[in-house]
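Single-structure report; data block below.
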Amino acid sequence: GEMYREISPETGEYFSYMLENHLIDVLPRKGKEGGAFEQYIGRERAPFLFANCNGSSDDVKLVTHEAGHAVQFYMSRQFDSYEAVQPTMEAAEVDALSMEMFVLPYVGRFFDTPKDADKYRFMLLESKVHKVPYCCVVDEFQHNVYNRPQATRADRRGMWRELEKKYMPHRDYSGSPFLESGAWWFQQGHPFFRPFYFIDYGLAEICSLEFFQRMTADYSSAWQDYVRMCRLGGTRSFTQLLKVAKIDSPFERGTVRRAAEFTEEYLRRIDDTSF
C-alpha cells in the first residue's frame, strides 16, 4: 500500500479502493486455488485481484503484474461496455508488464538488503529479454501445428525443437533425452487452452522495456503517458494506444534493437558478480 501511494496519487487511490472494498485476495490458505489473475466485475465497475503469495521474490512480480491489469481497469471503469474497458490482449499486457517496471525504484522495501533488491531488478530484466524470443517460439510453433493437422506427436516435438534452436540457441538439454526430443512445449498451457495468445506477451515485453528506458530518464513523464494510455481502456487499437503513450511500435524496424541495447547496457551496470 505504501508503495502504490508513493508511486502516484492514481495508484494510491486505486489501492485504497481495492482494500476498502475487499477486492484483493493474495494471502495463501488451505484449499485455495493456484495461480494468479485479475478480473473485472462489470456490475460493480471494479477490478478483483487474485494471487497466492508464498514469501518468494516471485510474489513481487506476480502481484505487480496483476496490479497493472487492475490499475488499468480501475482507470477506465467510467466506460459502460466491457469492450471499452478491456483493451486487446497485447495492449492489456503492456499495462501489466509495464507496471512491473514502474515499481522497480520502490522494490527495496520488499527485500532485506539493497543487494537483494538489485538482484531482483537484474532477474526481472533478464527474464524479459529471454521472454521475447520464447514468445516467438510459442507463436510460430502454433502456426506450424495448425498448418499441419496431419503431424504426428514426434513431428510436433521436432517442430518445437527446431524453433528452440532458431530463436533460443543457448538452450542445452544435455542429459535429458525427453527435452532434447522437443517435449518442453507440454508445460506451456496457452497452446492448449488459449491458442495464439502468447505473441501478445512478446510485443508487450518490448513496450515495457521502452517504458523502462523512458522512466530511467524521466519517471514522471513516462508515468503520465502510461496513465493516459490506461484511461483509454479498449477504446483505441494497440498501435493507437502506443502513440498516446509515446512508445514506439514493436512492428517498426529498430524498436526491438533499441530496447534490447538499452536493457543490455543497464544490466551491465548492475554488478551481478556480487550476487
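Note that the structure is predicted; figures quoted are calculated from it, not measured. One is the number of the first residue; the rest follow in order along the sequence.
Side-chain atoms of Met99 and His65, non-hydrogen and from C-beta on, never get closer than 4.5 Å to each other. Considering only heavy atoms from C-beta on, Glu13 stays 4.5 Å or farther from Arg5 through its side chain. With contacts defined as side-chain heavy-atom distances shorter than 4.5 Å, the pair Arg228/Lys246 qualifies. Annotation: side chain of Ile206 is in contact with side chain of Val132 (closest heavy-atom distance under 4.5 Å).
Separation of the His143 and Phe196 ring centroids falls under the 6.0 Å cut-off. Between Tyr201 and Phe198, the ring center distance clears the sub-6.0 Å criterion.
In this structure, Phe50 and Phe48 have tilted ring planes: the angle between them lies in the 30° to 60° band. Using cut-offs of 30° and 60° for the angle between ring planes, the Phe73 and Tyr82 rings count as tilted. Classified by interplanar angle (parallel below 30°, tilted 30° to 60°, perpendicular above 60°), the ring pair Tyr266/Phe212 is perpendicular. Below 30°, between 30° and 60°, or above 60°: for Tyr226 and Phe211 the angle between ring planes is above 60°, a perpendicular geometry. Taking the six-membered ring for Trp and thresholds of 30 and 60 degrees, Trp160 and Tyr134 have ring planes more than 60 degrees apart, a perpendicular arrangement.
Evaluation of the side chain to side chain donor-acceptor pair (under 3.5 Å) rule for Asn52 yields no partner, not counting sequence neighbours.
At most 12 heavy atoms of other shown residues, nucleotides or ligands fall within 6.0 angstrom of atom CD in Glu33. More than 12 heavy atoms of other shown residues, nucleotides or ligands fall within 6.0 angstrom of atom CG in Asn54. When the shell of 6.0 Å around NZ of Lys243 is examined, it contains 12 or fewer heavy atoms from other residues, nucleotides or ligands.
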Report the C-alpha separation of Tyr219 and Phe102 in whole Å, then their side-chain angles, then the decisive distance to 0.1 Å, and conclude whether the ring-ring contact (aromatic ring centres under 6.0 Å, His included) test is met. CA-CA 8 Å; Tyr219 189 97; Phe102 280 113; 5.6 Å; yes

Do Tyr197 and Gln142 pass the side chain to side chain donor-acceptor pair (under 3.5 Å) test, and can you show the C-alpha distance, the side-chain angles, and the key distance before you say yes or no? CA-CA 10 Å; Tyr197 176 30; Gln142 291 182 87; over 6 Å; no

Decide side chain to side chain donor-acceptor pair (under 3.5 Å) for Gln72 and Ser76; before the verdict, give the C-alpha distance in whole Å, the side-chain angles of both, and the deciding distance to 0.1 Å. CA-CA 6 Å; Gln72 181 271 304; Ser76 62; 2.9 Å; yes

Verify side chain to side chain donor-acceptor pair (under 3.5 Å) between Lys128 and Thr263, making sure each step is shown before the conclusion. CA-CA 10 Å; Lys128 286 176 176 287; Thr263 307; over 6 Å; no

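Between Asp58 and Lys61 there is no salt bridge, since no side-chain nitrogen of the basic residue lies less than 4.0 Å from a carboxylate oxygen of the acidic one. Under a 4.0 Å N-O distance rule, the pair Asp118/Arg121 qualifies as a salt bridge. For the pair Arg109 and Glu6, the salt-bridge criterion is met [side-chain N within less than 4.0 Å of a carboxylate O]. Salt bridge Glu140/Lys166: present, at least one basic N to carboxylate O contact under 4.0 Å. Between Arg214 and Glu210 there is no salt bridge, since none of the side-chain N atoms of the basic residue sits less than 4.0 Å from a carboxylate O of the acidic one. In this structure, Glu162 pairs ionically with Lys165, as a charged nitrogen and a carboxylate oxygen lie closer than 4.0 Å.
Within the cation-pi definition used here (under 6.0 Å to the ring centroid, within 45° of the axis), Arg157 does not qualify as a partner of Trp184.
Checked by atom type and distance alone, the side chain of Glu66 pairs as donor or acceptor with a backbone atom of Glu38 at under 3.5 Å.
Between the side chains of Tyr106 and Glu2, not a single donor N or O lies within less than 3.5 Å of an accepting N or O.
Follow the hydrophobic side-chain contacts under 4.5 Å out from Trp185 and you never reach Ile199; the two are in separate clusters.
For the side-chain hydrogen bond (donor to acceptor under 3.5 Å, both in side chains) condition, the pairs that include at least one residue of residues 41-50, sequence neighbours left out, are Arg45-Asp80.
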